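In this text, all values refer to a predicted model and were calculated from it rather than measured experimentally.
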Amino acid sequence: MPPKISIVTVTCNAGLLLEKTFASIEKLKYDNKELIVVDGLSTDNTMAIIKRYSERGIITSYVSERDNGIYDAMNKGVRMCSGEWVIFMNAGDAFASDDVLQRVFSGSPIEADIVYGDVVKNGQVKQAPARFHLCHRMLFCHQSAFVRRSCLLGMPFDTKHRLSADLKFFLGQYLRHARFQHVGIPVSIFDTNGVSNSQRSKGLRDNIRVVCETIPYPRRIQFVLRLLVPYLMCKLRGK
């Protein structure tokens, strides 16, 4: 039997975007899955949408309560899951195709700990590298990555990083010798209006902090220098 996939959606006051995400999940041609929704006490129509999709059996479990930012909510979602694999598909994001879970998991058993694919941004497919390696930035879109739940429980997202805790997680997994596997298909359609894209300079600054905390010398110096130039350019442009 194909493994159980937990889809976690984290949201707050994004009711206009949730329909797109939930509709994409509803169309998936894969039976052994669950949808966990973590809401940060939304005051718009988010809860009405969540309850409607819950009544239709699309949402397995949901919670609406205060949290300490998106990564705290993501950690909460992981603890609510029961699947072997977890993928985060947040408000506004969608799966690239209805059969993507089938294509990834219906074949022979996967031995890797993290499986990542390509992403569709602004209508264009952006290919992820065939091999994961140390880098100063994300090498693939988080919404295109399936992670064993055991890895997420063993190394929760570091909530002191408001924008780059996912980068720290994947770098930490690599340094712990986790096994990465690339699948050469688009997995997600990424909403480019997210927090990390709208707060570019803050995201780069957080990347610098992550690099300083995780990457050993001398690579650390090299990566920080690579980040400093775009960070200073963003600050000058007011982004």
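- Looking only at distances, no side-chain donor or acceptor of N68 sits under 3.5 Å from a matching main-chain atom of T159.
- The shortest heavy-atom contact between G77 and I36 is O-CG2, 4.1 Å.
- Minimum heavy-atom separation, V187 to Q143: CG1-O, 4.0 Å.
- Contact between L35 and T9 at its shortest, heavy atoms only, is CD1-OG1, 3.6 Å.
- In this structure, N32 contributes its side chain and P2 its backbone to a donor-acceptor pair below 3.5 Å.
- In terms of modelled atom types and a separation under 3.5 Å, the side chain of D206 and the main chain of S164 share a donor-acceptor contact.
- A heavy-atom distance below 4.5 Å is not found between the side chains of N207 and H136.
- Judged purely by atom type and a 3.5 angstrom limit, K20 uses its side chain to pair as donor or acceptor with the backbone of G92.
- For the pair I87/V147, no side-chain contact is recorded, criterion being any heavy-atom separation below 4.5 Å from C-beta on.
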Could you pull out every donor-acceptor pair under 3.5 Å between side chains of residues 165-174 and any protein atom, sequence neighbours left out?
residue: D166; atom: OD1; partner: Y71; partner atom: OH; Å: 3.1
residue: K168; atom: NZ; partner: D158; partner atom: OD2; Å: 2.7
residue: K168; atom: NZ; partner: E213; partner atom: OE1; Å: 2.7

Kindly determine whether S6 and K33 satisfy side-chain hydrogen bond (donor to acceptor under 3.5 Å, both in side chains), including the steps that lead there. CA-CA 6 Å; S6 296; K33 65 181 184 298; over 6 Å; no
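- Side-chain atoms of D93 come within 3.5 Å of backbone N or O of D191 as a donor-acceptor pair.
- Taking 4.5 Å as the limit, every side-chain heavy atom of D98 sits out of range of all side-chain heavy atoms of L28.
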Would you please test S97 and V100 for side-chain contact (heavy atoms from CB on, under 4.5 Å) and show each step? CA-CA 5 Å; S97 63; V100 64; 3.6 Å; yes
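- Under the 4.5 Å side-chain heavy-atom criterion for grouping Ile, Leu, Val, Met, Phe, Trp and Tyr, F180 is not connected to V115 through any hydrophobic cluster.
- Note: H142 and F157 meet the aromatic proximity criterion, with ring centroids under 6.0 Å apart.
- With hydrogens and angles ignored, the 3.5 Å screen pairs no side-chain donor or acceptor of E65 with any backbone N or O of L41.
- The cluster map of Ile, Leu, Val, Met, Phe, Trp and Tyr, joined by side-chain heavy atoms under 4.5 Å apart, puts M80 and I50 in different clusters.
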side-chain contact (heavy atoms from CB on, under 4.5 Å) between R103 and I185, worked out: CA-CA 9 Å; R103 296 174 69 184; I185 60 171; 3.1 Å; yes
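- To the nearest 0.5 angstrom, L18 atom CG is 8.0 Å from D44 atom CG.
- Under a cut-off of 6.0 angstrom, the local environment of CZ in R66 is sparse, with at most 12 non-hydrogen atoms contributed by other residues, nucleotides or ligands.
- The shortest distance between side-chain heavy atoms of V63 and D39 does not fall below 4.5 Å.
- Contact check for R162 versus K202: no side-chain heavy atoms found under the 4.5 Å cut-off.
- Using a 4.5 Å cut-off on side-chain heavy atoms (C-beta onward), S144 and Y116 make no contact.
- The structure places CZ of F22 at 7.5 Å from CD1 of I49, a figure rounded to the nearest 0.5 Å.
- Remark: side-chain polar atoms of R149 are paired, donor with acceptor, to backbone N or O of V78 under 3.5 angstrom.
- Around the CD atom of Q127, the shell of radius 6.0 Å holds no more than 12 heavy atoms that belong to other residues, nucleotides or ligands.
- I5 and V119 end up in different hydrophobic clusters when Ile, Leu, Val, Met, Phe, Trp and Tyr side chains are linked at under 4.5 Å.
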Test side-chain contact (heavy atoms from CB on, under 4.5 Å) on Q124 and V120; report intermediate values, then the result. CA-CA 5 Å; Q124 301 292 321; V120 179; over 6 Å; no
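- When all heavy atoms of S54 and Y62 are compared, the closest pair comes out as OG-CE2, 3.7 Å.
- With contacts defined as side-chain heavy-atom distances shorter than 4.5 Å, the pair F146/V86 does not qualify.
- In this structure, the separation between CD1 on I189 and SG on C141 is 11.0 Å, given to the nearest 0.5 Å.
- Under the 4.5 Å side-chain heavy-atom criterion for Ile, Leu, Val, Met, Phe, Trp and Tyr, L232 and I208 are members of the same hydrophobic cluster.
- Pairing each heavy atom of V10 with each of A73, the nearest pair is CG1-CB, 3.5 Å.
- Put simply, the side chain of S24 gets close to the backbone of F95: a donor and an acceptor are under 3.5 Å apart.
- Partners of R226 by salt bridge (charged side-chain N to carboxylate O under 4.0 Å, His left out), not counting sequence neighbours: none found.
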Please step through side-chain hydrogen bond (donor to acceptor under 3.5 Å, both in side chains) for the pair Y53 and E19, ending with a clear verdict. CA-CA 9 Å; Y53 276 87; E19 291 276 3; 2.8 Å; yes
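- Judged by distance alone, the side chain of D118 and the main-chain N or O of A128 form a donor-acceptor pair under 3.5 Å.
- C12 contributes atom SG, which lies 7.0 Å from atom CG of D67 (distance to the nearest 0.5 angstrom).
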Which is it for V104 and W85 under the side-chain contact (heavy atoms from CB on, under 4.5 Å) test, yes or no, and what are the steps along the way? CA-CA 11 Å; V104 175; W85 294 88; over 6 Å; no
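- Shown here for E84 and P3, the closest heavy-atom pair between the two residues is OE1-CB, 3.4 Å.
- Screening I221, L227, L228 for a side-chain contact (heavy atoms from CB on, under 4.5 Å) with V224, the sole residue that qualifies is L228.
- In this structure, S42 contributes its side chain and N13 its backbone to a donor-acceptor pair below 3.5 Å.
- The number of heavy-atom neighbours closer than 6.0 Å to NE2 of H133, taken from other residues, nucleotides and ligands shown, is above 12.
- Remark: I25 CD1 to Y30 OH distance equals 14.5 Å, nearest 0.5 Å.
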Check: residues 105-114 side-chain donor-acceptor pairs under 3.5 Å, at least two apart:
residue: S106; atom: OG; partner: Q102; partner atom: O; Å: 3.2
residue: D113; atom: OD1; partner: R179; partner atom: NH2; Å: 3.1
residue: D113; atom: OD2; partner: R179; partner atom: N; Å: 2.8
residue: D113; atom: OD2; partner: R179; partner atom: NE; Å: 3.2

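- Follow the hydrophobic side-chain contacts under 4.5 Å out from V183 and you never reach V125; the two are in separate clusters.
- Within 6.0 Å of atom NZ in K126, 12 or fewer heavy atoms from other residues, nucleotides or ligands are found, so the atom counts as exposed in its surroundings.
- Inter-residue side-chain proximity for H182 and R131 is flagged as unmet; no heavy-atom pair is nearer than 4.5 Å.
- Taking CG of N90 as the start and CD1 of I70 as the end, the distance is 5.0 Å to the nearest 0.5 Å.
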